[in-house]
There are 2 protein chains.
Amino acid sequence: MTYSIGEFSKIVGLSEHTLRFYEKEGLIKVNRDDNNVRIYSDENKLWIESLLHLKNTGMSLKDMKRFAMWGHMGDKTMEERLALLKKHRKKVVEELEKIRQSLEHLDNKINFYENEVGDCFS
Amino acid sequence: MTYSIGEFSKIVGLSEHTLRFYEKEGLIKVNRDDNNVRIYSDENKLWIESLLHLKNTGMSLKDMKRFAMWGHMGDKTMEERLALLKKHRKKVVEELEKIRQSLEHLDNKINFYENEVGDCFS
DNA sequence: TCTTGACTTAGAGTAAACTCTAAGTATTAT
DNA sequence: ATAATACTTAGAGTTTACTCTAAGTCAAGA
C-alpha cells in the first residue's frame with residue numbers, strides 16, 4: 001500500500017507539517033511520484049512507528065536524527081546504532097524506575113487524601 | 001533545621017534561580033528573617049520533594065501551581081486536590097504503560113541488532 | 001574593610017519540538 | 001472550471017520550563 005501525505009498523516013497521527021519537518025530533518029526518506037508528490041509506503045509506516053517508540057521513550061530529535069542517518073547509511077553503521085540503542089535503553093530503564101517511585105509517592109498521597117476526605121465527609 | 005537558599009539549593013538539587021522562580025510562581029511559600037532573607041525549613045523540603053515527584057511523573061508547572069495554590073488554601077480544598085491527583089495518576093499509569101510498550105519494542109530492536117552484528121562480526 | 005552571600009525588579013535569552021504563514025505553483029477529481 | 005490536495009522556500013511564532021543578566025542594595029563574618 002502507498003499513501004498520500006494526507007492519508008499518512010491520519011494513519012501515523014502526525015500532522016503534515018510535522019511529516020515534512022521530519023523529512024527535512026532527515027528522520028525519514030520518502031519516495032515521490034512524477035509530479036514530486038510524496039508517496040508513503042508501509043515501510044515508511046514501520047519506520048515512523050519505530051521512531052515514535054524512540055520518541056515515546058524520551059529520545060531527543062537529535063539522537064533520532066543520528067539514528068536515522070545511520071539507518072540510511074546501511075549495514076556498516078550497525079554497531080553505532082546498536083550502541084545508541086543500548087545507551088538509550090539504559091536511560092529508559094532508569095527513567096521508568098524514577099517514574100515508578102514517584103507514582104508510589106503519588107499513590108501514598110492519594111491514600112492520605114482519601115482518608116482525610118473520608119474523615120471529613122462521610 | 002533551617003537553610004539558606006544556597007544550602008537549600010544544594011539539598012533539593014534546584015538552582016537558586018529556580019527556587020526563586022518557583023516561589024514567584026506560587027509553588028512554594030518561604031519564610032523570611034528580619035532582613036527579608038529566605039529561611040527554608042524541613043517542611044519546605046518535604047513540600048519541594050512532593051512537587052518534584054509530581055514533576056517526575058510529568059505534571060505541568062501549571063497543574064503544580066494549581067495544586068500548590070489549593071495546598072496554601074487549607075483543608076477546604078482537599079477534594080479539588082484529590083481530584084487533581086487522581087486525574088494525574090490516571091495519566092501517569094497510561095504513560096507508564098506506553099513507555100513499557102515502547103521499551104519492549106526497543107528491546108526487540110536491540111535483540112535484532114545483536115543477532116545481526118553477531119552474524120557479521122563473530 | 002572587603003568579600004560573600006543574600007536581596008529586588010524587570011526583562012532578555014535559551015532549547016526543544018514543533019506549528020504555522022505567506023505566496024506562489026501544479027495536478028487531480030467532480 | 002473550480003475545489004481539494006499537493007508542492008516549494010524561508011522564516012516567524014508558540015509553548016514550556018527554566019536560566020540568566022543587569023544594576024543596585026544590604027548585612028554578616030574574617
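Protein chains get the first letters and strands the later ones, always in sequence-line order, with residue 1 at the start of each.
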task: Check every strand shown and say whether B:Lys55 touches a base, only sugar-phosphate, or nothing at a heavy-atom separation below 4.0 Å.
output: sugar-phosphate

message: Rounded to whole Å, please give me the gap between CG in B:Asn36 and C1' in D:dC26.
response: 10 Å

- prompt: Rounded to the Å, how far apart are A:Lys62 NZ and C:dA17 P?
  reply: 10 Å

task: Indicate yes or no for a side-chain donor-acceptor contact from A:Asn44 to the backbone of A:Ser41 under 3.5 Å, with no hydrogens or angles considered.
output: yes

message: Given 3.5 Å as the limit, does a donor-acceptor pair link the side chain of B:Trp70 with the main chain of B:Glu79, or not?
response: no

field: Whole-Å distance separating the CG atom of B:Asp63 from the C1' atom of D:dA17
entry: 14 Å

- request: Measure from CG on A:Asp34 to P on C:dA26 and round the result to the nearest Å.
  value: 16 Å

message: Rounded to whole Å, please give me the gap between CG in A:Leu54 and C1' in C:dA16.
response: 17 Å

- prompt: Do the side chain of A:Asn31 and the main chain of A:Ile39 share a donor and acceptor less than 3.5 angstrom apart?
  reply: no

task: Answer yes or no: does atom NZ of A:Lys109 have more than 12 heavy-atom neighbours from other residues, nucleotides or ligands under 6.0 Å?
output: yes

- prompt: Which atom pair, heavy atoms only, marks the closest approach of B:Ser50 to A:His105?
  reply: OG-NE2, 3.2 Å

- request: Kindly compute the distance separating CG (A:Leu106) from NE2 (B:His53), expressed to the nearest 0.5 Å.
  value: 10.0 Å

- prompt: Counting heavy atoms not belonging to B:Glu43, are there more than 12 under 6.0 Å from its CD?
  reply: no

- request: Check the pair B:Lys98, B:Glu94 against salt bridge (charged side-chain N to carboxylate O under 4.0 Å, His left out), reporting the backbone distance first and the verdict last.
  value: CA-CA 6 Å; B:Lys98 204 168 128 191; B:Glu94 281 165 19; over 6 Å; no

message: As a test of reading the structure: which of C:dT8, D:dT8, D:dC18 is closest to the side chain of B:Arg38, going by heavy atoms?
response: C:dT8

field: Axis-to-axis angle between the two ends of the helix from C:dT1-D:dA30 to C:dT30-D:dA1 (five base pairs per end, rounded to 10 degrees)
entry: 0°

- prompt: Among residues 2-31 of chain B, which residues get a heavy atom nearer than 4.0 Å to DNA chain D?
  reply: B:His17, B:Thr18, B:Phe21, B:Tyr22

Atom-pair distance (CG on B:Asn35; P on C:dT8), nearest Å: 12 Å

- request: Using whole Å, report how far CG of A:Asn56 lies from C1' of C:dA17.
  value: 15 Å

statement: Separation of D:dA17 atom P from B:Met64 atom CE, nearest Å, is 8 Å

field: Pairs satisfying salt bridge (charged side-chain N to carboxylate O under 4.0 Å, His left out), at least one member in residues 58-70 of chain A, at least two apart
entry: A:Glu25-A:Lys65, A:Asp63-A:Arg66

